[in-house]
Amino acid sequence: MARGRMLSTDVSSDPDAQSLSIASYALYLSIIPHLDRDGLIDAHPLKLVAIAAPMRYEFRDQAAALINEWVEIGLVVRYQVSTRQSVLFFKGFRRHQQGMEYKRESASRFPPPPGWTRTEEGLVPDDPELCFRIADYFHVNSDYRRVLLSAAGVDVPEKTPKSSRRVREPSRSDREQFAPNTTEQNLTNGGGGVQN
């Protein structure tokens with residue numbers, strides 16, 4: 001997991017996020033840096049508070065209700081992975097992590113949410129229309145965008161690898177740098193004959 005996450009300025013004008021109670025909003029924002037590369041985290045209310053706001057004792061008793069606000073509004077999806085464990089999926093997470101290097105982060109320990117498939121570039125929805133909508137948020141050269149469009153059924157041209165090597169002009173050795181350039185001198189003097 002990364003040491004931090006991007007918090008987009010869009011959150012301040014997002015109607016769903018702004019409709020949360022103050023306590024729910026504070027916990028929601030506090031949990032974002034703790035999400036894995038897929039925007040997933042254990043849904044156990046006390047574990048969540050212990051991770052995101054360990055010194056805010058007032059959240060302990062109301063943690064389940066605060067999480068329910070996120071789920072009811074649609075910011076987060078809660079799903080069962082076993083009889084004893086649920087997971088929270090923050091739906092807009094990847095959209096706000098544009099600079100994230102997905103492959104360089106630890107793999108998620110949770111299975112993807114229902115209706116999503118894990119690829120080598122990240123979670124991709126099974127719904128082609130949703131793939132299109134999410135792809136619009138990413139740069140045209142984004143590998144994640146390519147995967148989304150491919151999952152939506154679009155023929156995406158293969159990415160041409162960029163050469164990491166630049167063509168360099170030949171350099172002169174230290175000795176040549178300080179020696180006179182005889183070629184330039186010969187051209188200036190008219191070919192090297194006797195000057196008048």
Side-chain angles (χ1 to χ4, degrees), residues 1-127 130-131 133-138 142 144-145 147-148:
M1 180 186 325
R3 291 265 310 136
R5 296 288 183 204
M6 182 72 177
L7 179 59
S8 172
T9 56
D10 293 349
V11 75
S12 59
S13 59
D14 181 278
D16 292 333
Q18 293 304 313
S19 67
L20 296 170
S21 68
I22 295 297
S24 184
Y25 184 64
L27 187 58
Y28 177 81
L29 296 179
S30 297
I31 204 68
I32 290 172
H34 301 280
L35 300 174
D36 71 12
R37 70 181 186 172
D38 290 322
L40 304 175
I41 197 162
D42 189 312
H44 191 283
L46 292 179
K47 286 181 185 177
L48 220 99
V49 171
I51 291 169
M55 300 179 76
R56 301 304 304 235
Y57 302 112
E58 65 271 22
F59 285 163
R60 288 182 186 172
D61 293 336
Q62 51 180 318
L66 300 177
I67 293 167
N68 284 340
E69 279 189 56
W70 309 342
V71 174
E72 289 167 8
I73 287 175
L75 289 169
V76 173
V77 172
R78 181 176 27 223
Y79 62 101
Q80 287 295 127
V81 294
S82 70
T83 54
R84 302 184 72 188
Q85 186 180 34
S86 294
V87 174
L88 296 176
F89 170 49
F90 284 60
K91 296 185 335 186
F93 172 75
R94 185 63 190 269
R95 184 177 86 193
H96 300 296
Q97 307 306 313
Q98 296 281 334
M100 179 176 73
E101 295 185 42
Y102 187 82
K103 292 177 185 174
R104 296 187 76 183
E105 291 197 24
S106 301
S108 178
R109 60 188 181 96
F110 306 111
W116 291 74
T117 303
R118 185 171 282 124
T119 70
E120 64 181 34
E121 294 298 333
L123 294 181
V124 174
D126 297 339
D127 176 11
L130 185 54
C131 286
R133 286 195 313 241
I134 295 171
D136 281 342
Y137 289 104
F138 290 86
S142 164
Y144 184 56
R145 183 177 194 273
V147 170
L148 286 165

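Values below: all heavy atoms of this structure, side chains included; hydrogens, waters and symmetry mates excluded. A quick note: this is a predicted structure, and the numbers were derived from the prediction, not measured.
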Undergrad: Taking the side chain as everything from C-beta on, heavy atoms only, tell me whether Asp38 gets closer than 4.5 Å to Pro113.
TA: no

Undergrad: Taking only residues two or more places apart in sequence or in another chain, which ones pass side-chain hydrogen bond (donor to acceptor under 3.5 Å, both in side chains) with Asp61?
TA: none

Undergrad: I want to check something: taking the side chain as every heavy atom from C-beta on, are Lys103 and Glu121 in contact at a cut-off of under 4.5 Å?
TA: yes

Undergrad: Calculate, to the nearest 0.5 Å, the distance between atoms NZ and CG belonging to Lys91 and Asp16 respectively.
TA: 8.0 Å

Undergrad: Is the shortest heavy-atom distance from the side chain of Asp42 to the side chain of Ile51 under 4.5 Å?
TA: no

Undergrad: How many angstroms lie between atom CD of Gln97 and atom OH of Tyr102, to the nearest 0.5 angstrom?
TA: 13.0 Å

Undergrad: So which heavy atom on Ala26 is nearest to which on Phe59, and how close?
TA: CB-CZ, 4.1 Å

Undergrad: Counting C-beta onward and ignoring hydrogens, is there a side-chain heavy-atom pair between Arg56 and Val49 closer than 4.5 Å?
TA: no

Undergrad: With rounding to the nearest 0.5 Å, note down the distance linking CG in Leu27 to CG in Leu48.
TA: 6.0 Å

Undergrad: When rounded to the nearest 0.5 angstrom, what distance separates NE2 in His44 from CG in Leu88?
TA: 12.0 Å

Undergrad: Please step through side chain to side chain contact (heavy atoms under 4.5 Å, CB included) for the pair Ser106 and Asp36, ending with a clear verdict.
TA: CA-CA 8 Å; Ser106 301; Asp36 71 12; over 6 Å; no

Undergrad: Answer with yes or no whether the side chains of Thr117 and Asp126 bring together a donor and an acceptor at under 3.5 Å.
TA: yes

Undergrad: Classify the ring geometry of Phe89 against Trp116: parallel below 30°, tilted from 30° to 60°, perpendicular beyond 60°.
TA: perpendicular

Undergrad: Looking only at heavy atoms, which two atoms of Pro112 and Arg118 are closest? And how far apart?
TA: CD-NH1, 3.6 Å

Undergrad: Can I get a per-line list of side-chain donor-acceptor pairs under 3.5 Å for residues 62-70, giving both atom names and the distance, sequence neighbours left out?
TA:
from, atom 1, to, atom 2, distance (Å)
Gln62, NE2, Glu58, O, 3.0
Asn68, OD1, Arg78, NH1, 3.2
Asn68, OD1, Arg78, NH2, 2.6
Asn68, ND2, Ala64, O, 3.3
Glu69, OE1, Ser21, N, 2.9
Glu69, OE1, Ser21, OG, 3.4
Glu69, OE2, Ser21, OG, 2.8
Trp70, NE1, Ser24, O, 3.1
Trp70, NE1, Ser24, OG, 3.0

Undergrad: How long is the gap from NE2 on His34 to NZ on Lys47, to the nearest 0.5 Å?
TA: 15.5 Å

Undergrad: Give me the atom names and distance for the closest heavy-atom approach of Pro111 to Leu40.
TA: O-CD1, 4.0 Å

Undergrad: OH/Tyr144 to OG/Ser142 distance, rounded to the nearest 0.5 angstrom?
TA: 9.0 Å

Undergrad: Kindly indicate whether the side chain of Tyr137, heavy atoms from C-beta on, has any atom under 4.5 Å from the side chain of Arg145.
TA: no

Undergrad: Which heavy atom in Gly122 sits nearest to a heavy atom in Arg94, and how many Å separate them?
TA: CA-NH1, 3.6 Å

Undergrad: Quick check on Arg133: does its CZ atom have over 12 non-hydrogen neighbours (other residues, nucleotides or ligands) under 6.0 Å away?
TA: yes

Undergrad: Would you call Val147 and Phe138 a side-chain contact if the rule is heavy atoms closer than 4.5 Å?
TA: no

Undergrad: If I compare all heavy atoms of Tyr25 with all of Ala17, which pair ends up nearest, and what's the gap?
TA: CD1-O, 3.4 Å

